[in-house]
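Numbered from 1 within each chain, the chains take letters A, B, ... in sequence-line order. No experiment lies behind these values; they were computed from the predicted model shown.
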2 protein chains.
Amino acid sequence: MAQTSPQYRYGNRPTMKDVAARAGVGLKTVSRVVNGEPGVTPDTERRVQDAITALGFRRNDSARILRKGRTASIGLVLEDLADPFYAPLNRAVEEVARAHGALLINGSSAEDPDRERELALAFCARRVDGLIIIPAGDDHRYLEPEIAAGIATVFVDRPAGRTAADVVLSDSFGGARDGVAHLVAHGHRRIGFIGDQPHIHTATERLRGYRAAMGAAGLPVDESWVSLGPTAPERVRAAAEAMLCGPRPVTALFAGNNRVTVTAVRVIAAAARPVALVGFDDFELADLLSPGVTVVAQDAARLGRTAAERLFRRLDGVVEAPRRVELPTRLIVRGSGELPPAES
Amino acid sequence: MAQTSPQYRYGNRPTMKDVAARAGVGLKTVSRVVNGEPGVTPDTERRVQDAITALGFRRNDSARILRKGRTASIGLVLEDLADPFYAPLNRAVEEVARAHGALLINGSSAEDPDRERELALAFCARRVDGLIIIPAGDDHRYLEPEIAAGIATVFVDRPAGRTAADVVLSDSFGGARDGVAHLVAHGHRRIGFIGDQPHIHTATERLRGYRAAMGAAGLPVDESWVSLGPTAPERVRAAAEAMLCGPRPVTALFAGNNRVTVTAVRVIAAAARPVALVGFDDFELADLLSPGVTVVAQDAARLGRTAAERLFRRLDGVVEAPRRVELPTRLIVRGSGELPPAES
DNA sequence: TAGAGCCTGGACAACGTTGTCAACTCTGGG
DNA sequence: CCCAGAGTTGACAACGTTGTCCAGGCTCTA
């Protein structure tokens with residue numbers, strides 16, 4: 001059949017009514033064809049299909065959602081879409097969503113609790129079926145009406161604040177403890193810790209791991225060896241340099257996350273004497289630096305996948321108490337942690 | 001006022017009607033309060049607000065969208081959310097969207113034209129106001145009804161196929177030409193080119209730049225020095241090793257994108273003799289490898305920002321012919337390109 | 001040939017919101 | 001005391017879809 005010239009009306013799209021009129025059938029018949037429902041003769045179906053292509057019709061999902069209740073979409077609030085640690089997590093969530101036929105809406109909180117809240121609630125207004133949140137704030141009571149109303153919610157990477165909900169975490173404490181123990185095992189006695197801001201759960205957990213390892217080895221911790229704060233390069237650089245040049249200089253550094261590690265590598269590369277380093281989070285090419293950077297690796301993709309699967313299980317109707325899942329970390333030894341201390 | 005216990009009904013959220021009933025006002029008055037419209041006495045407003053918090057009401061944006069026509073959301077189809085090159089682009093688009101009060105829906109095409117199409121059309125069904133697409137396929141006529149119906153569309157990183165639309169690109173040809181010329185200037189005569197799959201526009205453009213630089217220097221190109229294909233490490237590794245060990249081994253490599261560069265760095269690090277390298281796309285820590293990797297850098301964030309700004313300009317009603325914007329690249333010299341050829 | 005049952009198709013209400021418009025209340029002036 | 005005008009408020013339709021339900025035509029059987 002020759003396709004007649006499409007009759008688009010700008011900003012005024014054809015609806016099922018238009019298609020029905022053109023095909024000379026009823027409204028519901030068009031709906032049936034569009035949704036592949038049974039009960040339409042092949043001939044009628046073809047007439048409808050022709051009308052659809054001729055008019056350039058596309059179903060309006062807003063109306064559909066309004067009618068059906070479910071939106072087949074989930075929202076993801078993370079810290080920074082562009083962070084190399086969160087990007088794979090994002091992708092993993094997307095894959096799981098796709099496998100369940102859902103779309104993904106996402107946004108970066110930039111560590112701002114207000115922005116996190118704003119994003120999460122905007123997603124709720126869109127009536128996403130579920131939410132995955134990497135918390136920036138530490139009070140998530142604002143989500144209670146939403147959760148009660150049926151929006152499944154899973155927190156990742158950091159626990160929710162003041163709210164019972166599913167959480168998927170990495171073992172920050174254990175990972176940091178093992179990483180620091182590795183440095184201790186190689187003879188280091190004065191080890192610095194540079195981490196993220198103290199209100200971030202993973203930052204304090206890792207610091208706790210650091211203290212645990214030091215304590216277990218009977219090593220005192222000079223408070224000038226500990227620095228928490230923003231991961232901006234300038235801040236980290238200043239902190240590292242202070243530790244390396246202070247009155248009681250450290251011989252090794254433990255970096256609290258991937259952003260810190262990257263800056264630490266730069267500082268150490270420029271340092272007068274070799275400094276051992278272990279970083280939390282693996283990163284691309286870590287093995288090609290010299291020495292290769294020893295890291296405590298967490299599996300960001302698995303974190304995302306686990307959270308998303310948990311979310312969809314809830315959406316599928318599984319009812320159980322909120323659970324806390326903790327994924328193990330893995331120490332990847334590459335050399336930078338094995339440097340002997342410059343002095344005993 | 002004491003807050004009465006919330007009366008959430010699971011899966012059956014309160015609507016404006018419920019709020020109106022509880023506050024003892026009309027439906028429209030609730031709407032006015034929710035949207036901050038004028039013409040409501042402070043007393044009435046407070047009654048409504050109380051009812052809202054008591055019921056845990058949140059406006060249903062699906063219904064709102066249906067009624068208003070505009071969705072205040074845009075869709076972004078990219079190749080891979082987790083790719084370190086696209087992640088900043090993604091973030092930049094998000095920032096611009098946010099500045100315009102729009103949400104971002106996104107998805108990865110994984111270089112699959114069908115998946116690109118599926119995602120883009122799903123976004124259209126959601127009635128996004130605009131689309132930003134990093135094309136995987138080379139035929140975008142499927143979008144014509146959508147564009148005609150008013151969905152603004154901008155293509156980024158690669159041009160649209162068979163459709164007139166705004167495009168924002170990096171200067172792949174010029175960048176590759178300059179990068180290769182840099183190698184030539186350092187005495188290299190036999191230079192390999194490893195790029196992405198031939199159906200990808202940027203891949204062929206960069207190859208064209210390579211050929212142009214070689215031609216301009218009067219250097220013949222042995223076809224065994226050119227390899228296009230998937231950027232999977234195995235494929236790139238095999239290609240690089242073949243070029244380094246072949247009958248006419250190359251003394252330098254030009255890597256067609258960030259994925260290729262990373263693998264090339266690994267191969268070269270393990271090679272018997274030094275091999276010069278220039279890569280397209282900058283990457284983190286490129287300066288800390290030894291030697292530092294010389295790259296042709298494109299500004300992914302700027303690419304995304306430019307595209308998004310263009311999109312919103314169209315959404316603001318600016319009418320003009322589709323335009324092609326080409327952003328310059330920048331050669332960042334770090335050392336790996338300056339290695340002399342092993343032999344003349 | 002009548003009756004039962006199936007298949008196809010369509011009329012209509014409902015989802016939750018916003019725009020239109022009319023009605024109402026209150027103030028102040030004549 | 002009435003009226004104009006301003007300021008509030010609410011009734012109602014509409015947005016585009018889907019679920020429910022019924023009508024009409026057909027086939028099949030007795």
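Residues B:Ile134 and B:Val77 fail the side-chain proximity criterion, which asks for heavy atoms closer than 4.5 Å. Using a 4.5 Å heavy-atom threshold, the side chains of A:Asp157 and A:Phe85 count as touching. You'll find the side chain of B:Ile147 reaches within 4.5 Å of the side chain of B:Thr163, heavy atoms only.
Residue A:Arg126 contributes atom CZ, which lies 22 Å from atom P of C:dC15 at whole-angstrom precision. To the nearest angstrom, P of C:dC26 lies 13 Å from CG of B:Asp43. The CG atom of B:Asp18 sits 13 Å away from the C1' atom of C:dT17 (whole-angstrom rounding). The separation between A:Arg70 atom CZ and D:dG19 atom P is 14 Å, rounded to whole Å. One interatomic measurement links the two molecules: NZ of A:Lys17 to C1' of D:dT17, which rounds to 12 Å at whole-angstrom precision. Per the geometry, CE belonging to B:Met16 stands 20 Å off P belonging to C:dA14, to the nearest Å. Rounding to whole angstrom units, CG of residue A:Leu66 and P of C:dA14 are separated by 14 Å. Protein atom CZ of B:Phe57 is 10 Å distant from nucleotide atom P of C:dG16, rounded to whole Å.
Distances from the side chain of A:Asn60 to the nucleotides D:dG19, C:dG19, D:dT17 place D:dT17 closest. Taking the side chain of B:Lys68 as heavy atoms from C-beta on, and the options C:dC15, C:dG19, D:dG19, the nearest nucleotide is C:dG19.
Ion pairing between a basic and an acidic side chain is recognised when a charged N comes within 4.0 Å of a carboxylate O; A:Arg47 and A:Asp43 show such pairing. Look at B:Asp166 and B:Arg323 and you find no salt bridge, because none of the NZ, NE, NH1 or NH2 atoms lies under 4.0 Å from a carboxylate O. Salt-bridge annotation for B:Glu320 and B:Arg310: present, with a side-chain N of the basic residue lying under 4.0 Å from a carboxylate O of the acidic one. Using a cut-off of 4.0 Å between Lys/Arg side-chain N and Asp/Glu carboxylate O, A:Arg13 and B:Glu146 are scored as salt-bridged. Using a 4.0 Å cut-off between charged side-chain N and carboxylate O, B:Arg302 and B:Glu309 make no salt bridge. Using a cutoff of 4.0 Å between basic side-chain nitrogens and carboxylate oxygens, B:Arg91 and A:Asp80 are scored as salt-bridged.
Residue A:Ser31 places at least one side-chain N or O closer than 4.0 Å to OP1 or OP2 of D:dT18.
The bend of the helix from C:dT1-D:dA30 to C:dG30-D:dC1, defined by the angle between the axes of its first five and last five pairs, stands at 60° to the nearest 10°.
Heavy atoms of A:Asn35 sit under 4.0 angstrom from primed sugar atoms or phosphate atoms, though from no base atom.
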Going 5' to 3' through nucleotides 4-13 of chain C, assign each nucleotide B (protein heavy atom under 4.0 Å from a base atom), S (under 4.0 Å only from sugar-phosphate atoms) or - (no protein heavy atom that close). ----SBBB-B

